[in-house]
Amino acid sequence: MNSCNPQEYSPNTVKVPTALQLMPEQHIPLELARDLLKTLVSEGTVSHETGSVLVFLPTWAMMSSLSKLLQADTMLSRCKVIMLHSQVPKEAQMEAFQPAPEGMAKVILATNIAESSVTIDDVTCVIDSCKVKLTFFTETTRLSYHDVVFTGRHNLEQRKGRAGRTRPGLCFRLCTRRRFEEGLEDEVPPELTRMPLVGAALLVKSLELGDIAAVLSQCPDPPPETSVAHAIAELKLVRALDEQQNLTYLGRILARLPLDPHVGVALLLGHWLFGLGDVMATICAAMSFDEPFQFAESAGFLPWKIQEKYKGTHKNSDQFVLGLVHQEYARIMDTGGEAAAKRFCVQEGLHPAIMRQAYNASEQLRALLQSDALGGLAMGSLEDEEGTAAIALEQHRNYSAIRDWNSKEWCWGAVLLSLVTALPHLAVHQEKRHVWVAEDTIGAVYRGSINCCKNSYVFPSPIFAFLDQVKEGGWRPTRCRQLTNMPPLLALLKPFANGEIRMDEQDGSCVIIGNWIPLGPVHVDTVNLLLVLRRRLEDTLCEYADGIAEGAFQRDNELTQLLQDLLGGASLRFREPPVAPPTVAPQTVAPRGTVVAPRGTVAAVKPAFQLTVTMTGGSLPVEPNRPPKAVKNKGIDWWS
């Protein structure tokens with residue numbers, strides 16, 4: 001809708017190609033916003049005496065980009081740029097409410113939080129990008145993602161009202177009149193119609209309000225039936241509902257936890273089976289909030305100070321890094337008080353508000369885990385001096401619960417199993433930042449991830465489990481957030497997982513995960529054993545919940561010991577040393593293992609990996625001298 005009436009505008013605007021046609025609607029014209037600010041400042045419309053300007057932008061990346069444009073322009077050197085965002089320290093944000101320094105103009109960059117939650121008296125001009133970042137959910141891919149879309153007409157009116165509260169004001173909208181009049185909805189879609197409904201459905205059942213679909217259909221803006229059906233299916237998947245949609249004892253416990261059901265199951269799994277309550281309470285609380293790192297100085301990448309501090313100990317897991325940071329914060333908070341915790345945040349470049357919220361949430365989870373409603377178990381310590389499992393009698397937080405375990409310790413395998421239970425989606429590394437998120441869909445690793453690599457890098461395993469996605473306009477692929485590198489063994493053992501697991505019809509030594517990820521070679525008997533063990537693991541969690549409800553909770557020590565044996569030693573070995581394929585003379589045909597992609601797409605050689613499982617009766621035979629064999633799965637050539 002970037003078009004205009006030729007009778008109302010100058011020839012430079014109307015001529016073909018028009019200036020409007022050179023600005024696609026999916027992109028926000030930051031250069032236009034900069035030029036507009038230059039005009040406002042040069043004409044004196046925005047100054048220390050006449051007032052400040054408020055610019056509405058949808059994302060932190062857009063705010064950072066515009067801030068750099070303004071600071072690089074010599075004509076705007078006398079502008080003080082202030083950003084209102086959670087990535088900015090509170091003290092810096094408070095400058096937006098102070099008068100501009102003498103001889104300078106104040107430019108405030110903000111997201112939609114400034115629509116109604118913030119009032120700045122001296123704002124006399126608003127520049128509105130007309131965009132907002134919202135969270136959406138798709139039933140087909142079962143993925144939550146963030147996208148930048150046009151906001152509602154009523155929201156634009158609310159933004160316009162931010163200017164001129166104490167004196168006459170101006171409002172400039174970076175969209176055409178045609179878009180404003182014909183292409184905008186009155187309101188943005190309500191959260192209930194675009195967000196996952198698992199939490200809402202579980203709340204309906206826990207409050208005994210009746211049938212889930214019937215209750216949600218009475219909302220002023222009822223959600224789609226497909227979303228309701230997906231929520232019910234997810235609750236059945238984690239055994240929170242039975243086939244008649246009655247709330248199970250496990251469902252009642254999950255409803256008590258302020259967590260997503262999958263994250264709640266991961267918390268219970270680590271606590272009940274392995275005595276890792278402290279570890280999982282800290283990590284699950286951290287997963288429930290935004291990352292506390294300040295990305296302003298690092299162009300959106302994980303700050304260099306954090307990368308260096310945890311270099312070699314991060315285990316290619318964003319959740320593990322978050323757990324280490326929050327555990328250290330909790331130690332300082334409990335021993336030194338709030339003032340010492342704030343100093344720690346300043347030294348490490350962390351957001352105090354997010355750190356405090358996650359700390360409070362972890363304390364809430366720890367109290368719930370120790371309550372009679374969840375079994376009343378001690379939080380437990382990971383190991384005693386001899387390296388064997390032990391249960392601590394004290395109820396205080398263990399400040400060394402999360403540590404740099406070596407790859408042969410069962411504790412790290414147990415934490416990994418719990419983590420991948422909390423992360424519902426899988427991806428496969430392709431090259432650098434690129435990953436496959438489906439058989440024919442390329443994604444990218446989020447910039448702020450510890451796993452974000454700008455150069456070529458071979459991960460211990462090509463498989464990742466991740467939490468959700470962030471979507472941007474244009475050609476850019478969706479970005480996967482909060483990733484953990486996952487051993488192939490756990491792709492089969494992951495409890496309450498969605499997606500089919502089957503043997504490849506063309507190659508009987510390969511198992512297909514989720515209808516698109518091939519693993520092999522692995523014997524069909526080994527796959528069956530692991531799937532039976534996974535089913536037993538799911539049944540045990542339900543039995544524990546039933547036992548708590550009946551006052552007869554008892555640990556299955558035999559299962560716990562079996563899992564410790566399986567998750568320790570060499571069972572989580574990620575890959576065998578790949579055997580180089582024979583050298584072939586240069587030809588026009590692409591080499592084996594290469595994905596031949598259309599022009600303009602990313603193509604890479606898939607990494608080699610092998611599933612090795614150590615059971616009580618020994619390990620699967622390994623044939624290191626056998627040349628690797630390409631496993632074909634619906635067009636994807638894979639080195640097994």
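Only heavy atoms go into these numbers, but all of them, side chains included; no hydrogens, no water, no symmetry mates.
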Engineer: Would you compute the distance between atom CG of L69 and atom CG of L76 and round it to the nearest 0.5 angstrom?
Structural biologist: 10.0 Å
Engineer: For F293, give me all partners under ring-ring contact (aromatic ring centres under 6.0 Å, His included), at least two apart in sequence or on another chain.
Structural biologist: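 Checked F293 against ring-ring contact (aromatic ring centres under 6.0 Å, His included); zero matches.
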Engineer: Tell me, yes or no, whether the heavy-atom count around K342 atom NZ, taken from other residues, nucleotides or ligands under 6.0 Å, exceeds 12.
Structural biologist: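 Check fails, neighbour count at 12 or below.
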Engineer: Enumerate the ring-ring contact (aromatic ring centres under 6.0 Å, His included) contacts for residues 163-205, please, sequence neighbours excluded, ordered by first and then second residue.
Structural biologist: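 Counting only pairs at least two positions apart or across chains, no ring-ring contact (aromatic ring centres under 6.0 Å, His included) contact touches residues 163-205.
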Engineer: Salt bridge check: are R153 and E187 linked by an N-O gap of less than 4.0 Å?
Structural biologist: no
Engineer: Going by side-chain contact (heavy atoms from CB on, under 4.5 Å), C79 matches just one of V53, V41, V46. Which one?
Structural biologist: V41
Engineer: Sequence neighbours excluded, which residues qualify as ring-ring contact (aromatic ring centres under 6.0 Å, His included) partners of F56?
Structural biologist: none
Engineer: Under the salt bridge (Lys or Arg N to Asp or Glu O under 4.0 Å) rule, collect the residues that match up with D260, sequence neighbours excluded.
Structural biologist: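 D260: no salt bridge (Lys or Arg N to Asp or Glu O under 4.0 Å) contacts found.
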Engineer: Taking only residues two or more places apart in sequence, or in another chain, which ones meet H85 in a ring-ring contact (aromatic ring centres under 6.0 Å, His included)?
Structural biologist: W60
Engineer: Take Q482 and D468 through the side chain to side chain contact (heavy atoms under 4.5 Å, CB included) test and state the conclusion after the steps.
Structural biologist: CA-CA 7 Å; Q482 295 208 15; D468 58 15; 5.9 Å; no
Engineer: Does the Lys NZ or Arg CZ of R481 fall within the cation-pi geometry relative to F466 - under 6.0 Å from the ring centre and within 45° of the axis?
Structural biologist: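 No, R481 does not lie over the aromatic ring of F466.
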Engineer: For L237, which residues count as a side-chain contact (heavy atoms from CB on, under 4.5 Å) partner, sequence neighbours excluded?
Structural biologist: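 So L237 forms a side-chain contact (heavy atoms from CB on, under 4.5 Å) with E234, H262, N498.
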